[in-house]
Amino acid sequence: MFTLNGEVTGPVSVVGDFNGWDPYAHPMKRQEDGRYSVSVSVPEGETFAFRYLGEGGRWFDDPHAAEFDERGAIVRVPLSKRRKPVAATTTRRTAVRESQPA
């Protein structure tokens with residue numbers, strides 16, 4: 001979920017690696033409390049750069065982002081704790097089979 005406070009005026013969208021930097025893919029909607037927000041589905045375990053594109057072609061960064069690079073703010077999507085990585089499970093089973101006597 002991307003959210004901006006009400007200091008933004010006019011249309012704004014979130015643009016980044018996750019949508020091919022397409023300014024029309026994820027327009028933000030103004031909420032009753034004045035904030036703008038949009039929900040974006042992204043794969044778990046991935047890292048993405050993003051910026052906001054406001055009225056008049058004005059680009060700006062998320063002031064609350066903890067990390068930035070030359071493309072903009074960085075968001076790291078964690079893996080779900082409910083899912084176990086398949087490779088780790090397969091490796092563990094293989095190691096047990098190999099250590100058992102024939």
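Taking a 4.5 Å side-chain heavy-atom cut-off between Ile, Leu, Val, Met, Phe, Trp and Tyr, the cluster of V15 extends to W21, L53, W59. Grouped by direct or indirect side-chain proximity (heavy atoms under 4.5 Å, Ile/Leu/Val/Met/Phe/Trp/Tyr only), Y52 sits with F2, L4, V8, V12, V14, F18, M28, Y36, V38, V40, V42, F48, F50, F60, V75, V77.
Side-chain atoms of N19 come within 3.5 Å of backbone N or O of G16 as a donor-acceptor pair. Not one N or O on the side chain of D61 forms a donor-acceptor pair closer than 3.5 Å with the backbone of P63. Listed for the Q31 side chain is a donor-acceptor partner under 3.5 Å among the backbone atoms of K29.
In this structure the side chain of P78 never reaches within 4.5 angstrom of the side chain of E44, judged on heavy atoms.
For the pair H64 and D62, the tightest heavy-atom approach, listed with the atom from each and the gap, is N-OD1, 2.8 Å. Across all non-hydrogen atoms, the minimal contact from P27 to S13 is CA-CB, 3.7 Å.
Atom-to-atom distance recorded for H26:NE2 and S39:OG is 8.0 Å, nearest 0.5 angstrom. The CD1 atom of I74 sits 7.5 Å away from atom OG1 of T47, with the distance rounded to the nearest 0.5 Å.
For CZ of R30, the number of neighbouring non-hydrogen atoms (other residues, nucleotides, ligands) closer than 6.0 Å is greater than 12.
Between R71 and D17, at least one side-chain nitrogen of the basic residue sits less than 4.0 Å from a carboxylate oxygen of the acidic one, meeting the salt-bridge criterion. By the 4.0 Å N-to-carboxylate-O rule, R76 lies too far from E46 to be salt-bridged with it.
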*asked:* Please determine whether side-chain contact (heavy atoms from CB on, under 4.5 Å) holds for the pair E67 and D69, giving the CA-CA distance in whole Å, both sets of side-chain angles, and the decisive distance to 0.1 Å.
replied: CA-CA 7 Å; E67 188 177 350; D69 71 10; over 6 Å; no

